[in-house]
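Input: a single structure, listed below in structure tokens.
Both counts, for ligands and for their atoms, begin at 1 and track the order of listing.
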Amino acid sequence: MIVSDLDHTMVDHHDPENLSILRFNALWEAKYRHDSLLVFSTGRSPTLYKQLRKEHPMLTPDITIMSVGTEITYGNAMVPDEGWVDVLNHKWDKKIVIEETSKFSELTLQSETEQRPHKASFYVKKEKAQEVMKKLSESLVKRGLDVKIIYSGGMDLDILPQGAGKGQALAYLHKKLKAEGKLPQNTLACGDSGNDAELFTIPDVYGVMVKNAQEELLQWHAENAKDNSKIIHADERCAAGIIQAIGHFKLGPNTSPRDLPDLLNAKLDRFDPAYEVVKFYLLLERWQRAEIQNPEHYLDYLKAVFSPSGAYINPFGVEQSLHDIIGSIKNCSGDKKGKQYRVWVDQVFPVQIDSDTWFVKFKKSEQTGEGQQCCFTTAILSSKDVKSSQGISWVHVHQTWMDGSTTSDGKNWFL
Ligand code: GLC
Ligand code: MG
């Protein structure tokens with residue numbers, strides 16, 4: 001299980017190309033999705049979380065923890081954990097928090113979307129933070145509340161119930177998963193700022209503070225966890241630091257298919273449909289970005305993996321033969337050269353339906369300068385009459401537009 005913060009951890013706001021998260025995505029979908037849990041734990045409210053998803057190539061997590069561990073939701077439908085809400089109501093009264101904080105002129109209220117039932121959030125200058133936190137804490141104790149005050153990013157001050165926070169939310173999840181017999185073998189917590197510190201205090205958790213971690217987190221580490229060899233400060237930024245930690249702690253495969261320059265020739269010794277789906281779309285991206293050295297070799301690959309009788313139903317509802325698509329793909333070689341064009345897949349779930357056939361469903365997304373487009377995709381892949389070193393053959397592909405996305409220019413969407 002990976003439990004990762006988003007801003008400046010999974011998402012690098014200083015990388016317009018989103019390269020490190022795209023590397024992580026390819027690794028996760030190819031190697032981990034089928035048997036691991038992806039948990040996002042963010043300070044953002046549901047509103048700002050959904051906004052972030054539109055702006056960056058983010059995978060869909062199995063569990064989403066928002067508003068600094070005060071809101072836990074499950075699955076794509078983001079079903080809230082009602083049990084967690086009960087825990088948070090203990091010695092908490094938001095009205096009193098608002099009353100007391102209004103007496104501090106150093107505090108500026110954050111936007112309305114970030115004020116949540118169990119979270120009150122403000123901005124406060126670095127120089128004032130320690131003093132304000134101390135006084136505020138005293139006044140809230142006097143009013144009978146038991147709260148937690150967290151300073152993050154050198155500017156954000158959050159007030160939460162004592163039992164809340166990213167760490168407590170993770171402990172709660174662990175307990176729940178354990179009761180269901182689903183406790184993961186390992187947990188890797190990933191963060192960059194003050195509100196992530198608690199994640200690293202949960203028993204048996206491996207931790208990575210990404211290279212670009214904030215001063216307040218590094219200071220917390222120096223004072224509280226210096227000798228804990230289960231926590232590292234990565235020398236890579238954001239999601240690249242997460243990949244580094246997977247390798248450092250030997251938690252599983254740590255080579256992203258995106259990092260293989262000769263992906264076309266990457267040979268597997270067994271059939272792996274999830275890996276083949278990730279590889280197929282990475283190659284398509286490289287083809288359109290004019291990054292494939294040997295075009296003939298790529299076209300041969302397409303001929304080999306597209307079944308001669310294969311059908312493709314495109315998201316406009318038009319059926320084509322897979323072999324006809326090869327011609328269209330051939331013509332789009334390099335058409336995204338020099339552009340901000342990326343392709344990624346999300347929630348790749350293969351189900352084996354007989355000894356040599358898999359039904360695979362996934363979401364395929366493209367990012368162009370103008371935004372994201374996403375298709376829900378189902379495919380039938382077959383290993384009949386092919387060697388595992390050749391890949392796997394695509395027999396049938398069917399796509400449907402998702403999340404209101406569509407493109408008026410049908411010529412620009414292949415698979
Ligand atoms: C996110 C939230 C904000 C919070 C901060 C630190 O930026 O939007 O409300 O204060 O995280 O936890
Ligand atoms: Mg962060």
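Distance from atom 6 (C) of ligand 1 to its nearest protein heavy atom, with residue and atom name: Asp158 OD2, 3.3 Å. Ranking the protein heavy atoms by distance from atom 9 (O) of ligand 1 puts Gln110 OE1, 2.5 Å first. Counting protein heavy atoms only, atom 8 (O) of ligand 1 is closest to Glu114 OE1, 2.6 Å. Looking at atom 7 (O) of ligand 1, its nearest protein heavy atom turns out to be Asp156 OD2, 4.1 Å. Scanning the protein for heavy atoms near atom 11 (O) of ligand 1, the closest one is Gly43 CA, 3.5 Å.
Side-chain N/O atoms of Gln347 and Asn76 include a donor and acceptor closer than 3.5 Å. In the model, His8 has no side-chain atom that pairs as donor or acceptor with a side-chain atom of Ser193 under 3.5 Å. A donor-acceptor contact closer than 3.5 angstrom links the side chains of Asp158 and Ser121. Residues Gln288 and Tyr341 bring a donor and an acceptor atom of their side chains to less than 3.5 Å of each other. No donor-acceptor contact under 3.5 angstrom links the side chains of Tyr151 and Gln130, judged on distance only.
Residue Ser121 approaches ligand 1 through these ligand atoms, each under 4.0 Å from one of its heavy atoms: 9 (O), 10 (O). Interface of Asn195 with ligand 1, defined as ligand atoms under 4.0 Å from a residue heavy atom, comprises 6 (C), 12 (O). Taking every non-hydrogen atom of Arg44 and a distance limit under 4.0 Å, the qualifying atoms of ligand 1 come out as 1 (C), 2 (C), 8 (O). Near Val68, meaning under 4.0 Å from one of its heavy atoms, ligand 1 places the atoms 12 (O).
Taking the Mg ion (ligand 2) as reference, the nearest N/O/S atom within Asp5 carries the name OD2. Considering just the N/O/S atoms of Asp192, the one nearest the Mg ion (ligand 2) carries the name OD1. Taking the Mg ion (ligand 2) as reference, Asp7 places its N/O/S atom O nearest.
Taking the ring centroids of Phe306 and Phe280, they lie under the 6.0 Å cut-off.
For Asp15 and Arg237, the salt-bridge test fails: no basic side-chain N is under 4.0 Å from an acidic carboxylate O. Using a cut-off of 4.0 Å between Lys/Arg side-chain N and Asp/Glu carboxylate O, Lys134 and Glu138 are scored as salt-bridged.
For a threshold of 3.5 Å applied to N or O pairs, the pair formed by Lys119 and ligand 1 contains at least one separation below that value.
Remark: the backbone N or O of Pro117 is paired with a side-chain donor or acceptor of Trp92 at under 3.5 angstrom.
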